[in-house]
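Below is one structure, written out as structure tokens; comments come after it.
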Amino acid sequence: MISQLSRPASGDRIAPGDPQRLLRLRHTCAHVLAMAVQRLFPETQVTIGPPTDTGFYYDFDRAIAFTPNDLTGIAAEMRQIIRANLPIVRETVDRNELRAEIDLLHEPYKLEILDGIPPHEPITRYYIGSPDAGLPLEIAEPSLFDDPAAQGQTPTAAFWWDLCAGPHLDTTGEIHPDAFALESVAGAYWRGDEAKPQLQRIYGTAWETPEQLQAYLQQKEEAKRRDHRKLGQELDLFSIQESAGGGLVFWHPKGARMRLLIEDYWRNAHLTGGYDLLYTPHIANLDLWKTSGHFEFYRDNMFDSMDIESQQYQLRPMNCPFHVLTYQNRLHSYRELPLRWAELGTVYRYERSGVLHGLMRVRGFTQDDAHVFCLPEQVSDEILAVLNLTEQILSDFGFTEYEVNLSTRPAKSVGADAIWDLATDALIQALDRKGWAYVTDEGGGAFYGPKIDIKIRDAIGRLWQCSTIQVDFNLPERFDLHYVAADGSRQRPIMVHRAIFGSLERFFGILVENYAGDFPLWLAPVQLRLLPVSDGQRDYANAVAQTLKREGFRVGVNASGDRLGKQIRTAELEKIPVVAVVGKREVEQQTLSVRTRQDGDRGALNLTELQVLMEESIADRGRG
RNA sequence: GCCGAUGUGGCUCAGUGGUAGAGCACUCGAUUCGUAAUCGAGCGGUCGCGGGUUCAAAUCCCGCCAUCGGCUCCA
């Protein structure tokens, strides 16, 4: 039955530190996990277990759910397998022999994987432990492994195998027993298909050294510290309330102030960047959505329509049809094009309850949407202009590193091939002119056209999808849009959809996480707080605050009557960028004792000096 | 929507069948204070919602809602 047992070829070996080795280590960890699980819970069926960016996972089928407590036991079992330093052996097997063997083991998922391997591809499996040394685990006496802690030692006769293309490490001992950790258990569909049975996925993380594991765990802690949901509450920026419903955002005064700053910046950038602004309704006749194709292609994400005087009305999930109607309202000459129309358009989408996530995934949000109506020969220039505007805006918010994706035609889509090719070429041409490298995501486009997606890298290296640029030949067709060409004929304009922030809610969440709530002065909801040392300085503090407010600064006076130490502590916890202490000395000398979050005590400054200090920081947008 | 976990004053959390607790916040009083928490008192909860079991439910059971970790989907 066993044929061609072999170690990996010697040329196959790789040194520590090689990314390929880390991939193998994680893949091997997944196998060790699966072996440990089947030793502890023999009724469990195995499926697949690949490496991930930070570790590995393995999907199991078991009637009883794994508990967090189980994970501790499984990890301990994994360490035993690692410490036993079992060899990992690759074997090429005959398809029919293996099928017969799997049949005996009652592992239907394994069988399905085997049958999914194309006919002429070699079939390999990987053993942990030597198959010559004893019976495979699956048909061993389960009692032998029921309670490994009571056994006191790893049964040397045990071995385990999985159908796998590899590659793997040579022995389990190459995994450092203190450089991996099991993280969580979650539901996951077999083959990622929600129509198929749901399995239990155990996630783990694995590294070459314990130090690397610690660094990863620290990074996770850091992400937790920056979580916009936590900071949003602590800094009183926004809330999402159960009594109102999930995924609906309440912007509190401080968050709203920041949003206003973001919106003001955005409007100004667009007006100076050649755009005009629109306001359009949040609801409209359902027929509009039938014409646009959204009712057909996007219905799953739309709220149910409502009956208004026997007409069906629809809460909008997108803004585009409204801009199209605006265009359609009168005839346009080719001389007018391109028309660039932008709107901070609030949309409502039905999202399944399980996917809601803070501000990142909500049911009502505002897109910084725009549509460019242009001539075919203008498309490439227009897209390039959008890329330039995107770079300008994102970098002003502190994001200077991007990952760019070009998404092409998906299976479920509308339009002729020639049209798709034209649109895709226009996007590629613009990216090349911009000089941006990009990755192609085949089939990742919208149903109506190809797109460029831009992901931004935040302060701790995470990527967030924000900007999107989409060419659309479909809507102009469906709404029968046209312009009058030079020869008097009516021609079809091309439409470019684009959003730079994506959604204001999500972008705001990303800002909170990027700055960890320590906003640069130009964005901080409260820029300066004056702290009177005692009641005698309150009038002076209020007068200074009034003056600075008139100059456009966002200033408050601490009115609590707390002692100075407490006032400073409160301001620090609220992450207020600048505080100014006002005591007897300052009133006498007409100064302020300034303390910034960034630099600490700055000593006594007069009002003008403080203004200059703040204006410089505001102009700098936090880059300094 | 699915799998699992969680839900106790504004916030963070104790409380496993027998009269709902702490710290912070808030209010009041005293203190008028110099760079991360002054002292004292007080207010505040039908324990997510609705059913059920029980002499008795925050606690046990069922349903629903929301949140968290994932899956699927996505700005």
Side-chain angles (χ1 to χ4, degrees), chain A residues 57 59-60 62 64-68 70-71 183-203 224 227 229-230 233-234 236 239-248 298 300-301 317-319 345 347 349-369 444 446 451 453 455 464-468 470 497 499-507 509-510 531-538 560-574 579-586 593-595 597 600-603:
Chain A
Y57 66 80
D59 287 347
F60 301 98
R62 178 177 182 239
I64 308 159
F66 293 113
T67 66
D70 290 335
L71 293 190
E183 298 187 285
S184 61
V185 53
Y189 298 106
W190 170 233
R191 297 257 144 115
D193 181 348
E194 61 183 330
K196 296 204 157 89
Q198 192 159 40
L199 309 168
Q200 294 187 61
R201 174 171 300 177
I202 296 178
Y203 278 96
K224 224 167 143 184
D227 193 314
R229 295 165 298 186
K230 181 170 170 273
Q233 165 144 277
E234 285 172 5
D236 197 16
S239 61
I240 293 169
Q241 308 201 26
E242 187 174 345
S243 54
L248 302 169
Y298 205 71
D300 289 349
N301 278 293
M318 294 200 183
N319 306 304
V347 297
R349 297 184 184 173
Y350 167 68
E351 298 284 358
R352 304 200 283 183
S353 57
V355 307
L356 300 175
H357 182 92
L359 295 179
M360 302 301 184
R361 193 76 182 271
V362 292
R363 283 178 173 159
F365 59 99
T366 301
Q367 293 180 311
D368 66 319
D369 212 352
K451 60 178 181 173
D453 288 324
K455 289 180 185 149
W464 303 94
Q465 149 93 60
C466 290
S467 316
T468 180
Q470 309 174 352
H497 308 242
I500 292 173
F501 298 140
S503 112
L504 280 176
E505 283 74 6
R506 172 182 281 181
F507 189 74
I510 294 167
L531 314 181
V533 175
S534 62
D535 287 346
Q537 294 87 47
R538 184 142 294 131
S560 67
D562 289 335
R563 291 187 181 177
L564 183 60
K566 178 63 179 290
Q567 292 189 49
I568 287 172
R569 178 181 155 81
T570 306
E572 288 291 343
L573 292 176
E574 289 180 38
V579 298
V581 174
V582 183
K584 274 186 193 146
R585 255 195 333 262
E586 287 76 13
S593 287
V594 175
R595 178 187 157 118
R597 242 176 101 69
D601 202 336
R602 298 287 294 257

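Naming convention: chains lettered A, B, ... in sequence-line order (proteins, then strands); numbering from 1 in each chain.
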First of R585(A) and R349(A) reached from the 5' end of RNA chain B, by closest nucleotide: R585(A)

- line: Whichever of R595(A) and D535(A) has the more 5' nearest nucleotide on RNA chain B, that residue is D535(A)

With R361(A) via side chain to side chain donor-acceptor pair (under 3.5 Å) - residues at least two apart: E351(A)

Under 3.5 Å, which N/O atoms of the protein pair with N/O atoms of nucleotides 58-66 of chain B?
| from | atom 1 | to | atom 2 | distance (Å) |
| --- | --- | --- | --- | --- |
| rC65(B) | O2 | E242(A) | OE2 | 3.2 |

What does [X] touch in the nucleic acid at a heavy-atom separation under 4.0 angstrom: a base, only the sugar-phosphate, or nothing?
X	answer
A65(A)	sugar-phosphate
R361(A)	base
A188(A)	sugar-phosphate
G354(A)	base
G583(A)	base
V347(A)	nothing
Q537(A)	nothing
S243(A)	nothing
Q465(A)	sugar-phosphate

Rounding to the closest angstrom, what is the interatomic distance between [N] and [M] at atom [atom1]?
N	M	atom1	result
rA25(B)	rA57(B)	C1'	31 Å
rG45(B)	rC11(B)	C1'	14 Å
rU19(B)	rU59(B)	C1'	15 Å
rA22(B)	rU31(B)	C1'	26 Å
rG17(B)	rG52(B)	C1'	16 Å
rU8(B)	rU12(B)	P	8 Å
rC2(B)	rG63(B)	P	12 Å
rG7(B)	rC47(B)	P	14 Å

Rounded to the Å, how far apart are [X] [atom1] and [N] [atom2]?
X	N	atom1	atom2	value
Q567(A)	rU32(B)	CD	P	16 Å
D368(A)	rA75(B)	CG	P	13 Å
Q470(A)	rC74(B)	CD	P	12 Å
M360(A)	rC74(B)	CE	P	19 Å
E234(A)	rU12(B)	CD	P	9 Å
D601(A)	rU35(B)	CG	P	10 Å
D453(A)	rC74(B)	CG	C1'	11 Å
L531(A)	rU35(B)	CG	P	12 Å

query: Would you find a donor on one side and an acceptor on the other, under 3.5 Å apart, between the side chain of R595(A) and the backbone of D601(A)?
result: no

field: Any donor-acceptor pair under 3.5 Å from E505(A) side chain to F507(A) backbone
entry: no

statement: Ranking rU35(B), rG1(B), rG70(B) by distance to the side chain of Q198(A), first place goes to rG70(B)

- prompt: Which nucleotide in the list rC74(B), rA36(B), rG1(B) gets nearest to the side chain of I568(A)?
  reply: rA36(B)

Polar side-chain contact [X]-[N] base: donor and acceptor under 3.5 Å:
X	N	result
Y350(A)	rG1(B)	no
E351(A)	rG1(B)	no
R569(A)	rA37(B)	yes

Go ahead and name the base partner of [N]; Watson-Crick or wobble counts if both distances stay under 3.5 Å, otherwise write none.
N	value
rU53(B)	none
rU19(B)	none
rG1(B)	rC71(B)
rC64(B)	rG48(B)
rA14(B)	none
rC28(B)	rG40(B)

Can you find a side chain N or O atom of [X] that sits less than 4.0 Å from OP1 or OP2 on [N]?
X	N	value
H357(A)	rG69(B)	yes
Q233(A)	rU12(B)	yes
Y203(A)	rC71(B)	yes
R229(A)	rG69(B)	yes

Shorter than 3.5 Å, N or O on both sides, protein versus nucleotides 23-31 of chain B: list them out with atom names.
| from | atom 1 | to | atom 2 | distance (Å) |
| --- | --- | --- | --- | --- |
| rA25(B) | OP1 | K566(A) | NZ | 2.7 |

How long is the straight-line distance from [atom2] of [Y] back to [atom1] of [X], given to the nearest 0.5 Å?
X	Y	atom1	atom2	value
I568(A)	L573(A)	CD1	CG	12.0 Å
Y189(A)	E194(A)	OH	CD	5.0 Å
I202(A)	E183(A)	CD1	CD	12.0 Å
L531(A)	D562(A)	CG	CG	10.0 Å

message: Would you say the base of rA75(B) stacks on F365(A) (centre-to-centre below 5.5 Å, plane angle below 30°)?
response: yes

Do you know the tightest heavy-atom contact between [X] and [Y]?
X	Y	result
S534(A)	Q537(A)	N-OE1, 2.7 Å
Q567(A)	S560(A)	CG-OG, 4.3 Å
Q470(A)	A446(A)	OE1-CB, 4.3 Å

task: Could you list the residues that satisfy side-chain contact (heavy atoms from CB on, under 4.5 Å) with D70(A), not counting sequence neighbours?
output: F41(A), R62(A), F66(A), T67(A), I74(A)

K230(A) NZ: over 12 foreign heavy atoms closer than 6.0 Å: yes

task: Could you pull out all residues at least two apart from W190(A) that satisfy ring pair (Phe, Tyr, Trp, His ring centres under 6.0 Å)?
output: Y109(A)

query: Taking only residues two or more places apart in sequence or in another chain, which ones pass ring pair (Phe, Tyr, Trp, His ring centres under 6.0 Å) with Y203(A)?
result: Y57(A)

